[in-house]
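Right, one structure below, let's go through it.
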There are 2 protein chains.
Amino acid sequence: MARAATTSDAFNAVAEPRRRQILTFLAVDEREVGEIVAAVGLDQPSVSKHLGVLREVGLVHVRRNGRHRLYRTNAEAIRPLYEWTGTFERYWRHQLNRVKERAEVQMVHNSEEASAKEK
Amino acid sequence: MARAATTSDAFNAVAEPRRRQILTFLAVDEREVGEIVAAVGLDQPSVSKHLGVLREVGLVHVRRNGRHRLYRTNAEAIRPLYEWTGTFERYWRHQLNRVKERAEVQMVHNSEEASAKEK
DNA sequence: ACATTACATTCCTATATAGGAATATGTCAA
DNA sequence: TTGACATATTCCTATATAGGAATGTAATGT
C-alpha cells in the first residue's frame with residue numbers, strides 16, 4: 001500500500017510545510033490567491049493545488065468575489081490535531097520533571113563531591 | 001518533486017494513522033515490539049518499520065533488554081505540533097463566538113417572527 | 001555448537017504525490 | 001465581442017512510500 005492521500009485528513013494535509021505556511025498566512029484574514037502566491041513564493045498553479053488539498057479536507061473556506069477568490073483558514077479543522085497532540089501533554093510534563101529531578105540530584109551530588117575534596 | 005519523506009519531521013511521521021496509534025500505546029509505558037504488534041494488529045516487519053520512522057524523527061526512545069527492545073513515546077517530540085496547532089486557538093475561539101452570536105441573533109429573530117404570527 | 005526467540009532489514013510493487021509547463025475556465029471592461 | 005486578468009485543471013516525471021514475503025542478525029538457553 002502507498003502512503004495515505006494528502007486529502008485523506010487534516011494530519012496528512014498539514015504534513016506539507018508550504019500548506020502550513022499558507023494556513024498561517026490565511027489565519028489572520030482572508031486573502032486572494034495572488035496575495036498567497038506572493039507570500040509563499042511558489043508559482044500560481046502550485047498554490048492553487050495546495051489550496052485544493054486544504055479545501056478538500058476543510059482546512060480553508062473560500063468565498064468568490066468577482067474574478068477573485070478569497071481564502072481563509074478554518075481554524076476549527078485544526079482543532080482535532082491540537083487535541084490529539086494535547087493528550088501527550090501530561091507525559092512531556094512528567095518527562096520534564098524527571099529530567100529536572102535528575103539534574104537536581106546531580107547538583108547535590110556534585111556539591112557533595114566538592115565538599116569532600118575540600119577536606 | 002515528490003512528497004516529503006515521512007522521516008523528514010514529526011508532522012510527516014505522525015500523518016500515518018498506525019504510527020499515531022503506536023504513539024498513543026507507547027505513551028503510558030514502555031513496551032516491547034511483540035506487545036506493539038499484538039496491540040496494533042499489523043505483522044511484525046511493518047511494525048518494525050513504523051518504529052524505525054518514529055525513531056528517526058525522535059518520536060520514540062528505545063532501550064535494549066536482552067533480546068527485547070523496549071520502546072516508549074518521547075512526548076517532548078510531539079510538543080512542536082501541539083504548539084503549532086495551538087497558534088490557531090484564538091481563531092477558532094473567535095469563529096465559535098461568531099457562530100454563537102449568529103445563532104443568538106437567529107433565535108431572537110425567530111421568536112420575533114413567532115410573536116408576530118401570534119398577533 | 002545449535003536451535004530458538006525477538007527484531008530489523010531488504011526486495012518488491014501499486015499508488016500518490018509536488019512542482020513545472022501548458023492549457024482551460026470564468027469574469028470584468030471597453 | 002474581444003482582450004486582459006485571476007484562478008483552476010491537466011499532463012508529465014522523479015520520488016517515496018506501506019505492506020507483504022523473505023531473509024538477516026543478535027541474544028539466550030541447553
Side-chain angles (χ1 to χ4, degrees), chain A residues 1-23 25-26 29-73, chain B residues 1-23 25-26 29-73:
Chain A
M1 220 181 270
R3 226 203 290 198
T6 55
T7 51
S8 53
D9 56 36
F11 281 97
N12 279 281
V14 153
E16 170 65 35
R18 314 320 278 273
R19 284 196 284 267
R20 288 202 297 281
Q21 194 184 349
I22 291 173
L23 287 174
F25 183 63
L26 295 178
D29 207 354
E30 55 182 13
R31 302 281 189 180
E32 47 194 60
V33 178
E35 297 180 281
I36 308 173
V37 169
V40 305
L42 278 175
D43 39 54
Q44 178 267 316
S46 291
V47 170
S48 269
K49 277 181 275 187
H50 282 309
L51 289 172
V53 171
L54 295 173
R55 240 187 295 126
E56 207 168 332
V57 298
L59 278 164
V60 293
H61 286 142
V62 212
R63 186 167 73 81
R64 310 181 60 149
N65 185 20
R67 29 186 163 182
H68 301 277
R69 300 206 185 184
L70 296 166
Y71 279 88
R72 176 167 206 163
T73 297
Chain B
M1 221 181 271
R3 226 203 290 198
T6 55
T7 52
S8 53
D9 57 36
F11 281 97
N12 280 281
V14 152
E16 170 64 37
R18 314 320 276 273
R19 286 197 283 267
R20 288 202 297 279
Q21 194 184 349
I22 291 173
L23 286 173
F25 184 63
L26 294 178
D29 206 353
E30 54 181 13
R31 302 283 188 178
E32 45 194 62
V33 178
E35 297 180 280
I36 307 173
V37 169
V40 306
L42 279 175
D43 40 54
Q44 178 267 315
S46 290
V47 170
S48 269
K49 277 180 277 185
H50 282 309
L51 290 171
V53 172
L54 294 174
R55 240 187 295 128
E56 207 167 333
V57 298
L59 279 164
V60 293
H61 286 143
V62 213
R63 187 168 73 82
R64 308 182 60 149
N65 185 20
R67 28 186 164 182
H68 301 279
R69 302 208 182 182
L70 296 165
Y71 280 88
R72 176 168 205 161
T73 297

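Residue numbers start from 1 in every chain, and the chains themselves are labelled A, B, ... in the order their sequence lines are given, proteins ahead of strands.
Taking the centre and axis of the six-membered ring of Phe11(B), the NZ or CZ atom of Arg20(A) falls inside the cone set by 45° and 6.0 Å.
Contact annotation: Arg19(A) reaches the phosphate of dA18(C) (side-chain N/O to OP1 or OP2, under 4.0 Å). Side-chain N/O atoms of His68(A) include none lying less than 4.0 angstrom from OP1 or OP2 on dT27(C). Distances shown here put a side-chain N or O of Arg18(A) below 4.0 Å from the OP1 or OP2 atom of dG19(C). The side chain of Tyr71(A) places no N or O atom within less than 4.0 Å of a non-bridging phosphate oxygen (OP1 or OP2) of dA6(D).
Residue Arg63(B) contributes atom CZ, which lies 13 Å from atom P of dC7(C) at whole-angstrom precision. Asn65(B) has its CG atom 18 Å from the P atom of dA26(D), to the nearest Å. Remark: C1' of dA8(C) and CG of Leu42(B) are 16 Å apart, rounded to the nearest angstrom. Going from atom CG of Leu54(A) over to atom C1' of dA18(C) covers 14 Å, rounded to whole Å. Here the C1' atom of nucleotide dA18(C) and the CG atom of Leu51(A) are 14 Å apart, to the nearest Å. Distance, Gln21(B) CD to dG19(D) P: 11 Å, rounded to whole Å. Atom CG of Asp43(B) and atom P of dA8(C) are 14 Å apart (whole Å). Straight-line distance from the CD atom of Glu30(B) to the P atom of dC7(C): 12 Å, rounded to whole Å.
The closest donor-acceptor contact from the side chain of Arg19(A) to the backbone of Ala13(A) lies under 3.5 Å. Remark: side-chain polar atoms of Arg69(B) are not paired, donor with acceptor, to backbone N or O of Arg64(B) under 3.5 angstrom. Side-chain N or O atoms of Asn12(B) include one that pairs as donor or acceptor with a backbone N or O of Ala15(A) at under 3.5 Å.
The heavy-atom pair separating Leu51(B) from Val60(B) by the smallest distance is O-CG2, 4.2 Å. Closest heavy-atom contact between Thr7(B) and Val57(B): O-CG1, 3.3 Å. In this structure, Leu70(A) and Asn65(A) approach most closely via the heavy-atom pair CD1-CB, 4.0 Å. The two residues Ile36(A) and Ile22(A) make their nearest non-hydrogen contact at CG2-CG1, 4.1 Å.
Counting distance only, with no hydrogens placed and no angle test, the side-chain atoms of Arg69(A) and the base atoms of dT7(D) include no donor-acceptor pair under 3.5 Å.
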For nucleotides 12-16 of chain C, print each protein N/O atom paired with a nucleotide N/O atom at under 3.5 Å, atom names and distance only.
none

Name the pairs: protein N/O against N/O of nucleotides 9-11 of chain D, kept only if under 3.5 Å.
from, atom 1, to, atom 2, distance (Å)
dT10(D), O4, Lys49(A), NZ, 3.4

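When distances are taken from the side chain of Arg67(B) to each of dG20(D), dG20(C), dA27(D), the shortest belongs to dA27(D).
Annotation: of the two residues near DNA chain C, Arg64(A) and Thr7(A), the 5′-most nearest-nucleotide partner is Thr7(A). Map Glu32(B) and Gly66(A) each onto its nearest nucleotide of DNA chain C; the residue landing nearer the 5' end is Glu32(B). Remark on DNA chain D: of its neighbouring residues Leu70(A) and His50(B), the 5'-side contact belongs to Leu70(A), judged by nearest-heavy-atom nucleotide.
Ion pair Arg63(A)/Glu30(A) flagged as a salt bridge, since at least one NZ, NE, NH1 or NH2 atom sits closer than 4.0 Å to an Asp/Glu carboxylate oxygen.
Of the candidates Glu32(B), His61(B), Arg55(B), Glu35(B), Arg55(B) is the only one forming a side chain to side chain donor-acceptor pair (under 3.5 Å) with Tyr71(B).
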